Amino acid sequence: MIQERLSITVAGSGGAGAVTVGNTLLEAAGLTGWYARLTRSSGPQIRGGEVAATVCLSSHPIQSEPTHCDLLLALDWKNISRFADEMVLNRHSMVISDPAQGAVPDSIRDSGAHYLAMPFKALAAQAGGARPNMIVLGVAAQLAGLSRKSVEQTLEKTFHGDRRFVTGMAGVDAGIAAALPVNGLDLPSAPTPSRAERWSITGNQAAALGALRAGVRFAAGYPITPATEVLEWLALALPKLGGEFVQAEDELAAVNQIIGASFGGVPAITATSGPGLALMMESIGLAVAAEVPIVVIDVMRGGPATGIPTKSEQSDLNIAIHGLPGDAPHLVMAPTSVNDCLDTTHWAVKLSEWLQVPAIVLSNQALGQTRMIDNKPAPREWATERKVPDQVDGAYQRYQLTPDSVSPMTLPGMPGGQYTAEGLEHDESGIPSVRARDHLHQLDKRRNKLAEFDYGDYWADVEGAGSTAIITWGATVGAARELLARSPEFDGGLRLIALRLLAPEQPGPMAKMLRGVKRILVVEQSHGAQFYRYLKSGYDLSVRMRSFCRPGPVPILAVEIATQLQQWDSS
Amino acid sequence: MIQERLSITVAGSGGAGAVTVGNTLLEAAGLTGWYARLTRSSGPQIRGGEVAATVCLSSHPIQSEPTHCDLLLALDWKNISRFADEMVLNRHSMVISDPAQGAVPDSIRDSGAHYLAMPFKALAAQAGGARPNMIVLGVAAQLAGLSRKSVEQTLEKTFHGDRRFVTGMAGVDAGIAAALPVNGLDLPSAPTPSRAERWSITGNQAAALGALRAGVRFAAGYPITPATEVLEWLALALPKLGGEFVQAEDELAAVNQIIGASFGGVPAITATSGPGLALMMESIGLAVAAEVPIVVIDVMRGGPATGIPTKSEQSDLNIAIHGLPGDAPHLVMAPTSVNDCLDTTHWAVKLSEWLQVPAIVLSNQALGQTRMIDNKPAPREWATERKVPDQVDGAYQRYQLTPDSVSPMTLPGMPGGQYTAEGLEHDESGIPSVRARDHLHQLDKRRNKLAEFDYGDYWADVEGAGSTAIITWGATVGAARELLARSPEFDGGLRLIALRLLAPEQPGPMAKMLRGVKRILVVEQSHGAQFYRYLKSGYDLSVRMRSFCRPGPVPILAVEIATQLQQWDSS
Amino acid sequence: MKGKPSHAFSTKCYKSDIKPIWCPGCGDFGVLASITRALAILQVPPEEVAVVSGIGCSSRIPAYLNAYGFHGVHGRALPLATGLKLARPELTVLVAGGDGDGFAIGGNHFLHACRRNADITYIVMDNQVYGMTKGQASPTTEPDWDLSQLTPGGPGMNPFLPLLLALGSGANFLARASSSDPGGAADILVEAIRHPGFSFVQILSPCLTFQPEQRKWKKMVRPAPVKATTDPVRAAKRLMTDDNFFVGVLYQGERDPYEESSEEVTCKLDSLESEFQLPGLL
Amino acid sequence: MKGKPSHAFSTKCYKSDIKPIWCPGCGDFGVLASITRALAILQVPPEEVAVVSGIGCSSRIPAYLNAYGFHGVHGRALPLATGLKLARPELTVLVAGGDGDGFAIGGNHFLHACRRNADITYIVMDNQVYGMTKGQASPTTEPDWDLSQLTPGGPGMNPFLPLLLALGSGANFLARASSSDPGGAADILVEAIRHPGFSFVQILSPCLTFQPEQRKWKKMVRPAPVKATTDPVRAAKRLMTDDNFFVGVLYQGERDPYEESSEEVTCKLDSLESEFQLPGLL
Ligand SMILES: Cc1ncc(C[n+]2csc(CCOP(=O)(O)OP(=O)(O)O)c2C)c(N)n1
Ligand SMILES: Cc1ncc(C[n+]2csc(CCOP(=O)(O)OP(=O)(O)O)c2C)c(N)n1
Ligand code: SF4
Ligand code: SF4
Ligand SMILES: [Mg+2]
Ligand SMILES: [Mg+2]
């Protein structure tokens with residue numbers, strides 16, 4: 001297999017500066033024309049705990065996790081075992097550490113990785129008091145083929161002109177020098193510098209931006225890992241755009257605040273994670289019944305309960321789709337990559353506004369907190385605006401039955417449009433009703449407006465035309481995409497179906513996508529096969545279907561999917 | 001069809017005394033050896049609103065709703081249209097009203113029911129100032145063949161010796177006299193007085209009692225329609241049994257209070273309805289992760305959101321099964337009749353204690369608030385107690401992996417058993433862990449302890465051996481049971497499968513029950529076919545399957561199920 | 001008559017034609033009358049008023065008014081109204097509901113609304129009971145009220161003093177009114193609505209169905225003997241020692257209301273996006 | 001040394017061997033020390049102590065103690081502890097957590113625990129910030145603290161005064177302590193635990209990571225100049241005017257604690273069931 005990308009992990013205890021190295025490598029790579037990706041993994045400590053920063057460089061846009069670590073630079077070995085599960089070392093890997101930090105742990109020694117000792121600390125001392133992490137930065141840059149200039153420019157920005165820049169570069173130079181004689185890294189082909197516009201963004205930032213592009217001008221939220229950055233970027237941007245952000249006292253308040261704002265006509269959003277989503281469900285149900293558009297982003301983490309707040313999983317699918325009391329149809333969608341957080345959130349707002357219904361967007365930690373250097377997507381447009389009448393003639397009926405089941409919605413301030421938004425079952429005018437007929441009419445209406453809407457092609461991505469389909473969603477799409485790119489050799493070929501719209505189901509379009517498919521592997525990162533079971537319940541898929549599910553926190557790799565298919569072949 | 005039971009509805013505006021008539025008829029019927037059932041329907045008003053009390057008498061235990069109303073006694077016609085959906089009048093029905101209250105509404109006149117005018121008010125005035133509802137009581141008793149004595153004894157108890165008793169009986173006598181010449185009611189055969197022990201109980205009371213029988217000695221709750229009576233009976237009984245009841249400030253508090261009590265070793269329960277359940281989900285997830293047994297009764301009402309608080313539905317199945325964030329296996333069960341609220345709740349507590357997991361019991365308004373005169377079930381025993389070690393030797397590991405995946409649980413006060421119950425993912429000792437291995441082990445453990453437990457036969461009831469299966473659950477079971485009793489003529493015969501344990505699924509036992517089945521009709525009272533979809537997702541049912549679902553508030557009738565089957569036959 | 005409107009919008013303009021579900025004699029009728037009267041005094045066009053509520057008998061009030069209304073879920077009216085007001089600052093936003101809705105399930109939002117001080121008026125129709133669910137003890141119920149099966153012998157705890165709680169959490173306008181005097185209550189509401197920032201009006205509104213003793217309230221209420229103080233310490237003392245039957249504005253502070261961001265757009269989204277742009281290639 | 005234990009259980013007996021995740025210098029270390037010391041003074045066997053918490057850096061404390069512990073979900077420690085205490089009245093039940101856990105998401109339970117007055121001790125490690133989620137404003141954060149991106153320029157609202165809120169909702173034992181003096185804090189905790197009914201101790205516990213200015217607190221705290229009052233009105237005045245750095249027991253009232261039903265069985269279930277029995281047939 002040709003080396004297409006390079007994965008470098010820098011690990012160390014808190015304060016040792018591993019993250020600075022990771023950030024600098026990412027930015028330097030961007031300046032050099034690489035595509036890149038940075039993930040961070042840390043222990044439970046807020047400060048002072050160990051951390052591992054992994055930078056992946058590639059000449060092509062990066063879809064998924066690296067299969068193994070090419071280069072591990074260990075600033076020290078404290079608690080390195082915490083990362084053992086997440087770091088695949090093998091005979092293609094190189095490990096470098098400072099012998100002064102103690103012996104290489106058994107688990108790492110036994111991995112078969114090539115080992116090199118390098119006295120980071122001593123080199124740093126020689127280099128005029130630079131910190132050891134700067135040596136490591138130089139070593140990494142040199143081994144990855146990143147120019148000194150790209151590192152220099154990045155460090156200059158980071159430390160803007162401060163003393164640390166000068167000593168830092170001294171360290172970097174010492175590191176470069178020390179790495180010069182080293183060989184053994186299988187370098188990917190250097191990037192072809194491209195004129196395409198690139199950006200450096202995390203999924204959480206992209207989601208916030210997508211919301212703003214869609215016209216969101218109100219947001220409220222309560223901090224929670226790993227969703228807080230969505231709120232942070234909104235809090236920063238909204239006031240400048242004439243909008244408003246509120247830090248709420250809890251999630252119950254946050255979701256009701258956005259319902260209030262949206263009732264007032266201002267598209268509104270919140271972001272949270274599993275525990276917060278659970279608290280919001282009652283009021284999301286209110287938005288279903290009262291037909292108020294809102295968007296709730298759930299940046300999923302490991303569950304259940306408080307679970308694993310800093311790690312990724314796809315196990316909130318059940319609650320997102322089925323977690324509301326009563327019959328409460330709503331939208332559930334999921335971005336398929338870091339970049340796609342932008343457009344999927346944008347689309348979610350637009351659909352929610354048009355259909356007057358809550359949309360839950362399922363992102364996860366692996367998308368939200370990963371920083372990517374990638375092509376900036378071209379802006380997309382959706383023409384779906386909220387159906388607000390210009391004026392009201394005669395008696396206004398807020399929940400009027402209409403051909404497309406969407407009723408015109410007046411906004412406070414509009415004369416003659418006064419009505420009461422109602423969470424009790426109601427008749428067309430909004431007056432509470434316990435009558436079977438009114439209940440049925442409104443249930444039908446709320447279902448039909450979603451079920452009969454034409455979501456177009458954007459609801460799912462299909463790639464390949466093979467007879468073995470991989471159906472997946474969210475962060476796991478990347479691994480499947482990589483498999484398709486690498487392994488066209490599978491018998492009958494592969495076909496990837498990546499769902500962006502999870503609910504409501506799209507049986508017709510799905511059937512079309514599945515034409516010629518003989519078997520389906522359903523791939524997801526959950527323990528309970530939530531997605532597989534959902535597909536079984538909502539679609540009539542008449543071909544053989546298998547589930548490959550695995551919980552977090554370690555991401556699903558292309559190679560695992562391949563293994564599943566091979567086992568299926570041979571069984 | 002032989003008339004097997006008699007259904008009498010008394011309707012009138014609030015304060016007119018329709019409910020007193022209904023209660024008296026029920027009790028009098030009980031004294032006479034009838035089985036009976038009382039349901040009430042009222043408008044949104046707390047007091048002064050219209051109300052309809054329906055008493056059904058039968059010589060056999062009553063399973064389900066009457067198909068039509070035999071006798072409607074209208075104290076007045078105010079807002080009678082509110083009940084139109086719930087009251088089936090046809091040419092077998094008789095309607096009696098006082099012409100002084102105005103003309104018979106069109107909808108009723110057009111039903112084909114036989115109409116009789118009777119001057120209730122004038123008769124009451126003649127009978128020494130009795131209230132008109134006492135005339136109605138006399139008329140109903142006479143037409144239903146209830147003895148004067150049974151009415152007298154009941155009224156005496158109600159008014160214990162008070163003046164109203166004497167004037168009341170005067171009214172009753174006048175009513176009896178007025179009804180003497182009336183003929184045309186198709187009376188069911190009189191009951192054979194039985195020596196079996198009977199009781200008069202609602203589903204909500206039975207559920208509370210079942211909890212106490214199972215050893216529950218702590219309950220907490222926040223009032224909500226239609227669940228409050230469960231709490232009321234617990235609040236009354238617990239202090240007498242050395243237990244404790246707390247009225248909580250909200251549902252978030254209630255569920256955490258019972259988690260705390262159960263952590264302390266005292267089996268604990270709460271009851272709520274859809275909106276309250278939604279608020280409890282985050283903490284029910286905590287009980288899953290920390291492995292604390294609790295039972296949550298959800299007395300379902302019409303949804304979504306505030307919905308239809310006083311009416312019935314089965315639409316919280318989705319949230320009960322799938323409403324927790326993360327992968328969070330737990331128990332979901334449902335009583336199949338008013339009486340069965342007793343044993344199902346009892347069983348839920350026992351299973352929850354044994355498996356150290358939350359159980360959600362899905363009752364609904366139609367079970368919880370219906371009062372029945374029925375055979376008192378013989379006490380049941382389940383030997384599943386919580387696994388509490390007698391003493392602790394050596395290092396105690398709260399979340400130890402064991403062959404049955406249930407770990408011994410120490411209780412505060414036990415020396416050496418100290419541990420911290422943990423909602424974060426953890427290792428066997430309970431220390432928080434983000435490692436993939438610990439996560440997987442604990443996820444496996446929490447799934448396996450439920451999946452590998454042998455629930456025995458009690459998990460579902462099967463009746464009949466036909467090749468057409470009706471699979472249903474909860475309050476809808478009664479209608480299916482009635483259909484089986486009445487219509488053995490269906491081609492190939494019918495088979496009823498009534499699930500008591502909804503989650504986890506029981507694929508093996510289900511397959512056994514389905515042997516010889518050629519097609520399955522899945523019956524439920526929801527709009528979104530929640531049960532049907534759940535069965536599809538969780539079972540591999542290889543026969544033809546159809547969904548018959550209909551939302552509330554009107555109960556599903558045996559005849560509707562029959563129609564569905566006939567349509568299927570002819571399609 | 002005091003406060004009688006003589007302008008374009010009569011009190012009737014603010015009433016809808018939906019018949020209340022309330023029991024005969026329920027205090028909430030008086031509250032409804034006081035709100036329509038206050039709005040007529042203020043002459044705010046009906047379409048510029050929004051009334052938000054939770055769940056309870058009292059919380060049914062939005063539908064009985066001719067205004068924009070939101071009948072939300074139990075206990076969450078304040079945050080819903082906060083979102084509405086911050087998104088649409090030009091609206092007159094009222095929140096109305098019961099003691100259960102506001103101080104039991106909704107207690108946290110009550111505290112935080114007082115602290116946040118957004119410009120909304122919160123009217124609690126206090127009947128010291130959960131009326132809607134047929135009579136259970138609420139946080140303002142007396143310790144010995146024993147008419148609910150959920151609290152046999154009574155809740156046994158001192159009732160909350162809602163005005164004191166509001167003061168302690170930073171509220172800046174505190175008043176008490178009585179549903180038995182809709183005119184007086186209307187005048188208080190007018191002041192409350194005019195007050196910049198959060199204003200809280202506790203209206204004693206009897207539930208004759210489950211708290212029949214409250215029939216007496218009518219005779220027990222009387223105007224507060226001294227004028228509203230601006231000193232929170234003095235206000236606290238008054239609230240801790242009064243008998244809960246003084247009506248009037250009791251405290252009015254001068255803390256600045258919650259400041260919404262200006263609605264002015266100071267920046268285009270494009271230029272915000274440029275934050276993520278990479279500098280030109282080396 | 002004041003309060004030094006000389007009995008069977010040393011402070012060490014109450015420590016577990018799990019290493020705290022806290023940052024170097026975090027005030028919570030001092031709180032941990034004060035709790036183990038208080039328990040040693042009280043000589044309550046470790047297995048009869050239960051420590052309940054929510055989520056936050058501070059809420060990690062149960063696992064660091066040798067006692068029964070419950071690390072629950074964010075904001076719900078008080079009701080969980082209430083259920084435990086009422087079910088098992090003989091246990092010593094402590095609740096410990098942060099200002100975010102207790103006054104933001106958990107605010108409602110805080111009010112109601114104060115009112116209910118069950119015999120538990122609530123320790124809030126107040127650092128005026130959400131430490132765990134990397135530094136956002138909490139309800140006790142100063143209005144001009146501008147280090148969080150969620151509240152650019154600062155939250156702009158007056159902080160809650162937790163002791164005042166507790167007083168206003170009926171709490172009967174109020175104290176303030178400082179993590180910089182674990183011995184002094186331990187003595188206060190001893191009094192709090194001994195107090196029958198709900199006791200609330202606010203411990204100033206700096207978060208040097210996100211509130212570096214709190215380094216100064218050590219120098220600012222000082223013993224309250226006057227003894228604890230039993231008069232709530234006077235206590236209110238003190239709490240509204242003090243500078244938040246007086247430590248000591250500030251108020252101690254005499255309200256009866258929440259009364260659990262007696263554990264005596266006065267009736268058999270069978271006889272309760274007979275309520276549903278039908279009388280003999282006619
Ligand atoms: C989440 C939730 N819990 C409980 C209820 C049931 N419930 C409806 S109204 C109410 C209390 C109403 O009391 P209050 O707010 O004082 O209003 P009142 O009826 O007295 O005017 C309760 C507990 C509900 N609708 N939703
Ligand atoms: C329902 C829910 N919402 C949000 C969070 C995220 N969260 C965890 S701890 C915390 C705040 C902690 O602040 P505090 O209680 O003051 O504790 P500290 O870390 O400062 O000690 C938040 C918001 C969560 N875990 N659960
Ligand atoms: S129950 Fe009480 S609060 Fe509700 S409408 Fe009747 S009188 Fe009013
Ligand atoms: S972030 Fe603050 S509160 Fe949390 S451990 Fe560090 S210093 Fe303590
Ligand atoms: Mg009330
Ligand atoms: Mg804090």
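Being a predicted model, the structure only gives us computed values, none of them experimental. Naming: A, B, ... by sequence-line order, numbering from 1 per chain.
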Test item: Ser200(B) and Arg371(B) side chains (from C-beta on) under 4.5 Å apart, heavy atoms: yes

Heavy-atom pair of closest approach, residues Ser169(D) and Leu165(D): OG-O, 2.6 Å

Over 12 foreign heavy atoms within 6.0 Å of CD, Glu275(D): yes

Heavy-atom proximity to chain D below 4.5 Å, by part of Pro432(B): side chain

Structural part of Glu264(D) lying under 4.5 Å from a heavy atom of chain B: backbone

Top contributor to chain D contacts, counting heavy-atom pairs under 4.5 Å, from Ala248(B), Gly413(B), Ser150(B), Ser147(B): Gly413(B)

Under-4.0 Å salt bridge between Glu260(D) and Lys85(D): no

Part of Lys376(B) lying under 4.5 Å from any heavy atom of chain D: side chain

Part of Arg115(D) lying under 4.5 Å from any heavy atom of chain B: neither

Plane angle bin for Trp199(B) and Phe276(D) - parallel if under 30°, tilted between 30 and 60°, otherwise perpendicular: perpendicular

Region of Phe218(B) in contact with chain D, defined by heavy-atom distances below 4.5 Å: side chain

Geometric class of the Phe173(D)/His195(D) ring pair [parallel <30°, tilted 30-60°, perpendicular >60°]: tilted

Note, Met372(B) side chain near Asn339(B) side chain (heavy atom, < 4.5 Å): no

Contact winner vs chain B - Ala67(D), Ala50(D), Pro62(D), Gly69(D), heavy-atom pairs under 4.5 Å: Gly69(D)

Flag side-chain contact, heavy atom, 4.5 Å: Pro20(D) against Phe29(D): yes

Side chain, backbone, both or neither of Arg76(D) within contact of chain B (heavy atoms, under 4.5 Å): both

Ile18(D), part contacting chain B, at a heavy-atom distance under 4.5 Å: side chain

Ser205(D) versus Asp28(D), side-chain donor and acceptor atoms under 3.5 Å: yes

Greatest number of heavy atom pairs closer than 4.5 Å to chain D - which of Pro412(B), Ala253(B), Gly423(B): Pro412(B)

Top of Ala81(D), Pro46(D), Ser261(D), Gly72(D) for chain B proximity - count of heavy-atom pairs under 4.5 angstrom: Ser261(D)

Chain B contact via Pro45(D) - which portion, at a heavy-atom distance below 4.5 Å: neither

Winner by heavy-atom pair count (cut-off under 4.5 Å) against chain D, out of Val255(B), Ile201(B), Val266(B): Ile201(B)

Partner chain D: residue of Glu27(B), Gln205(B), Gln153(B), Lys240(B) with the largest heavy-atom pair count (under 4.5 Å): Lys240(B)

Pick from Ala87(D), Cys267(D), Pro79(D), Ala77(D) with the largest number of heavy-atom pairs that fall under 4.5 Å of chain B: Pro79(D)

Part of Leu272(D) lying under 4.5 Å from any heavy atom of chain B: both

Contacting moiety of Lys268(D), where chain B heavy atoms sit under 4.5 Å: backbone

Heavy-atom pair count under 4.5 Å with chain D, highest-scoring of Pro239(B), Gly417(B), Gly242(B), Gly30(B): Gly242(B)

Segment of Ala237(B) engaging chain D (4.5 angstrom heavy-atom cut-off): both

Near-ring test Phe70(D)/Phe263(B), centroid separation under 6.0 angstrom: yes

Salt-bridge criterion met for Glu291(B) and Arg398(B) (N-O under 4.0 Å): no

side-chain hydrogen bond (donor to acceptor under 3.5 Å, both in side chains) between Ser433(B) and Asp427(B), worked out: CA-CA 6 Å; Ser433(B) 166; Asp427(B) 64 15; over 6 Å; no

Residue, of Leu424(B), Ile258(B), Val292(B), Leu236(B), that accumulates the most heavy atom pairs under 4.5 Å with chain D: Leu424(B)

